[in-house]
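Notes to accompany the following structure.
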Amino acid sequence: MSISKTPRYIPANIEPKWQRKWEADGLYHSDIDPEKKKYYALTMLPYPSGNLHIGHWYAMTPSDARARYLRMNGYNVLFPMGFDAFGLPAENAAIKHNIHPKQWTYDNIAHMREQMRSMGNMFDWRREAISSDPKYYRWTQWFFIQLLKNELAYRQKSLVDWCPKCNTTLAREQVVGEDRHCERCHTPVVKKELEQWFFRITRYADELLDFTDIDWPEPVKVLQTNWIGRSEGASVVFHTEQGDPIEIFTTRPDTLWGATFMVLAPEHPLLKKITSPEQKTQVEAYVAETIRQTDIQREATDKEKTGVFTGGYAINPVNNERIPIWVADYVLMTYGTGAIMAVPAHDQRDFEFARKFGLEVRVVIQPPDMPALDGANMPASVPARGTMVNSGILNGTPADEAFRQAIRFVEEKGFGKGAVNYRLRDWLISRQRYWGAPIPVLYCEKCGVVPVPDEDLPVLLPDDVEWKPTGESPLKLHPTWRFTTCPQCGGKAERETDTMDTFMCSSWYHLRYLSPDEENAPFNQEEYDYWMPVDTYTGGVEHATMHLMYTRFFHKAFRDLGVVKGNEPMLQLRNQGQILGPDGQRMSKSRGNVVDPDKQVQLYGADTVRAFLMFGYRWAEGGPWEPGNITGVQRWLNRVWNIFLDEPQVGNFDEAGAKLLRRKLHQTLKAVTRDYEQFEFNTVVSGLMELSNTLQEARAEGASAAPVWKEATSIYLRMLAPICPHIAEEIWERLGLPYSIHTQRWPQVDEQATQEEEITIVLQVNGKLRDKLMVPVNCSEERIKELALANETVQRFLEGAVPRKVIYVPGKLVNIVR
RNA sequence: GCCGGAGUGGCGGAAUUGGCAGACGCGCACGACUCAAAAUCGUGUUCCUUCGGGAUUGUGGGUUCGAUUCCCACCUUCGGCACCA
């Protein structure tokens with residue numbers, strides 16, 4: 001009939017406008033306010049790869065929505081953003097496009113910062129921290145020096161993982177998969193013997209296993225626990241016939257009497273000495289062959305056992321038996337002591353080895369549910385649960401009891417002691433690349449390793465460098481940077497030319513946000529005392545055994561050095577899933593399935609993209625991008641716009657309608673509030689959609705002229721504001737409500753209004769739904785049962801039988817059992 | 001092999017403490033508006049059905065008056081670890 005007098009909803013006309021205004025007004029500035037309860041909401045910072053990915057939107061938007069929700073609930077919320085700006089891609093791009101890594105990085109940051117602004121997040125950009133800024137890495141270097149001074153950083157020559165494509169060493173955590181490939185470029189790694197810097201994360205292994213202070217997702221805790229790999233057992237010292245000690249670690253000291261041979265790793269230092277002249281040729285050939293093999297070949301689990309007798313013998317301290325010593329590659333030098341006692345009867349690996357080489361298999365544990373075992377004929381090793389046999393003093397003891405007794409025994413006799421072993425290795429942080437924070441130490445001919453004095457920090461990364469990757473740090477090739485004088489003796493000194501693993505930079509960025517311009521300390525103490533710890537941290541699970549473990553280690557180490565407080569840096573962690581391409585595959589340029597968020601914003605507007613990402617998926621799960629589904633959200637926001645801004649309609653909306661509308665309004669508010677708390681964003685949106693359907697129907701009946709409409713509008717827009725900040729602000733303003741909606745308080749649920757007057761009672765016969773009953777809320781149990789039994793459908797299904805039982809669940813159902 | 005997550009309509013997903021399975025949305029079908037189309041609005045939409053009802057939350061058991069929810073076994077799938085002594 002008449003064309004709407006209000007303009008249509010055109011996101012492009014309102015979104016940039018509000019973003020500029022919020023920025024100009026400093027609406028999202030977070031400053032210390034002792035009057036208010038603080039909330040530190042942190043979401044993982046991106047690497048400045050050049051473009052924001054739809055995955056960044058997926059991770060950041062719900063975090064932003066929840067931060068906004070908390071702010072409306074009266075918290076003083078800190079929600080900062082920055083860039084994890086050091087790292088390899090900058091160098092690779094530099095080589096490819098002949099552009100300086102620094103320029104490439106900062107150009108990307110400038111672009112991505114603008115992309116992030118288009119999301120309409122409440123980031124306080126004054127607190128932006130960029131890890132490649134000298135004012136940032138000056139403190140990364142300072143942290144390194146503190147670790148060094150406190151023996152938590154050390155330099156050691158060892159066999160380390162090397163990525164031949166990235167031309168650098170990697171931490172154990174950065175080597176992944178069955179084929180042991182580089183986490184970044186997927187090239188299989190090789191071993192190299194190099195002198196590298198390590199952090200003593202292993203010293204904190206036990207504490208890292210303790211999650212009592214934090215609310216983290218179970219899977220992350222499991223991943224970290226498995227990665228740390230704590231095993232309890234004993235370390236026992238065997239001796240060779242010549243008297244050389246060989247220490248072994250075992251998780252089954254109870255099976256000591258069943259050890260029929262020993263195995264050394266091919267790299268074991270004692271191997272040469274043990275080997276008899278007759279066996280020398282064979283052993284040397286075996287070791288040479290083993291070393292030629294890659295780790296992948298060596299560590300393949302399905303591989304047949306190989307090994308060679310050394311000619312040497314050891315004495316088992318518990319029974320003085322003489323047992324042969326073999327060398328085999330199924331024993332790893334990197335775990336335990338690189339030597340084992342072999343108990344073939346109760347360990348499948350030892351069993352396979354023993355059978356192949358005709359070694360004795362001696363049963364020392366008889367499982368209760370098996371016939372008497374015979375070592376010579378058993379087809380496989382058996383689980384070590386049962387009663388001890390052939391074990392001297394332990395005979396007749398249950399195995400779990402024998403475990404403790406054996407430890408006591410070896411301790412008393414001085415053969416060994418109870419011991420704990422970890423799979424976790426120390427964190428290798430040296431990288432032979434240019435674009436990273438230089439490791440701030442000097443090597444002086446006279447003084448040795450010298451930390452760079454505080455007043456000389458930062459050790460600046462020189463700009464004029466040839467960054468072609470040679471396998472050595474490009475800094476090594478710099479003509480002048482490398483050579484300097486020793487601050488202690490004034491003599492000739494050389495700089496460390498390796499840079500730090502970027503995970504070192506990201507281990508403390510949450511602290512730099514507190515005061516990114518602070519010059520006298522890594523962070524301002526007052527800011528720290530107010531904001532820390534991080535209340536909620538959000539990001540992907542893929543960081544479980546890397547960043548998330550490193551940052552916990554970092555915090556605990558610096559707690560012990562008196563720099564930070566508390567046991568944990570991040571109290572609550574929540575993981576989002578991943579958005580896959582429309583084909584269900586990981587998004588990648590090579591697959592051509594990448595969804596560009598900028599284009600989506602252009603097509604639908606930021607609010608629609610935000611709401612869709614929250615509505616279409618279980619946040620923790622993620623899933624494939626469904627190109628069509630976003631239209632549902634687009635339609636919804638169009639409807640919302642029209643519901644609140646179109647001319648009122650005339651109808652017969654009455655008091656009863658108003659009461660129903662208020663009920664739905666407050667019921668929704670209650671549900672939505674709960675869902676924001678619980679990170680269930682899809683039901684926040686669906687709840688708002690449902691309510692908008694109700695509002696639309698009520699409106700057609702003339703509700704927008706009724707007094708209740710004002711309340712509904714105000715509550716609805718405030719519930720919408722965290723998800724769709726622009727449209728909520730725009731409608732709010734057009735309705736003449738006070739700027740800004742984002743500084744309004746979260747609405748209060750009117751519990752009374754949510755109460756139903758009538759309830760539906762489900763009628764079941766033998767547990768099957770047969771009919772429904774509408775009764776007043778206060779209807780008595782007797783009356784409801786009476787009505788239920790009198791019900792026509794119920795009667796029909798009873799077929800005249802007398803009910804055996806009538807179950808009444810208050811307010812829910814009546815189940816009649818016949 | 002071990003550890004962990006997930007299996008619900010054609011699709012994404014919902015179901016709060018063991019109590020109406022399939023909310024909300026996509027898609028589809030039909031209708032209204034339109035010369036027509038788009039947009040919008042309305043109605044319907046798990047499957048089978050003799051229209052009474054029956055079946056149904058990966059499969060098979062169990063507990064219970066009642067199970068998507070709890071227990072046991074298994075299958076599929078996605079992650080992690082893997083000769084770790």
Give each protein N/O atom lying under 3.5 Å from an N/O atom of nucleotides 2-7 of chain B, with the pair distance.
unit_1 : atom_1 : unit_2   : atom_2 : d
B:G7   : OP1    : A:Arg618 : NH1    : 3.4

Requested in this report: Assign B:G31 to syn or anti; the rule is syn for a glycosidic angle within 90° of 0 and anti otherwise.
Outcome: anti

Requested in this report: Give a yes-or-no answer on whether the side chains of A:Thr545 and A:Glu173 include a donor-acceptor pair shorter than 3.5 Å.
Outcome: no

Requested in this report: If the glycosidic angle is within 90 degrees of 0 it's syn, otherwise anti, so just tell me which one B:G52 is.
Outcome: syn

Requested in this report: Scan A:Gly623 against the nucleic acid and name what it touches under 4.0 Å (heavy atoms): base, sugar-phosphate only, or nothing.
Outcome: nothing

Requested in this report: Select base, sugar-phosphate, or nothing to describe what A:Phe797 touches, counting heavy atoms under 4.0 Å on all strands.
Outcome: sugar-phosphate

For nucleotides 55-58 of chain B, tabulate all protein N/O to nucleotide N/O atom pairs closer than 3.5 Å, reporting atom names and distance.
unit_1 : atom_1 : unit_2   : atom_2 : d
B:A55  : OP2    : A:Lys768 : NZ     : 2.9

All N/O donor-acceptor pairs, side-chain side in residues 619-633 of chain A, below 3.5 Å, sequence neighbours left out:
unit_1   : atom_1 : unit_2   : atom_2 : d
A:Trp619 : NE1    : A:Tyr58  : O      : 3.0
A:Thr631 : OG1    : A:Gly628 : O      : 2.8

**Report entry** Integer angstrom distance from the C1' of B:G58 to that of B:G5
**Finding:** 15 Å

Requested in this report: Please answer whether the main-chain N or O of A:Pro11 pairs with a side-chain N or O of A:Tyr604 as donor and acceptor at a distance below 3.5 Å.
Outcome: no

Query raised in the report: Could you spell out the base pairing of RNA chain B in dot-bracket, with Watson-Crick or G-U pairs whose two distances are under 3.5 Å, [ ] crossing and | to another strand?
Result: (((((((..(((......[....)))((((((.......))))))(((....)))..(((((..]....))))))))))))....

**Report entry** Side chain of A:Leu769 (C-beta onward), nearest among B:C81, B:C20, B:C41
**Finding:** B:C20

Query - Donor-acceptor pair (no angle test) under 3.5 Å: A:Lys805 side chain, B:C65 base - result: no

Query raised in the report: Hey, mind stepping through A:Asp347 and A:Ser381 against side-chain hydrogen bond (donor to acceptor under 3.5 Å, both in side chains) and telling me if it holds?
Result: CA-CA 6 Å; A:Asp347 181 290; A:Ser381 66; over 6 Å; no

Query raised in the report: Does A:Tyr335 have a side-chain nitrogen or oxygen under 4.0 Å from the phosphate oxygens OP1 or OP2 of B:A85?
Result: yes

Query raised in the report: For RNA chain B, which residues in residues 806-813 of chain A have a heavy atom at a distance below 4.0 Å?
Result: A:Ile807, A:Val809, A:Lys812, A:Leu813

Grab the N/O contacts between the protein and nucleotides 25-28 of chain B below 3.5 Å, and write none if there aren't any.
unit_1 : atom_1 : unit_2   : atom_2 : d
B:G25  : OP1    : A:Asn693 : ND2    : 3.1
B:C26  : OP1    : A:Arg635 : NH1    : 2.6
B:C26  : O2'    : A:Asn629 : OD1    : 2.8
B:G27  : OP2    : A:Arg635 : NH1    : 3.3

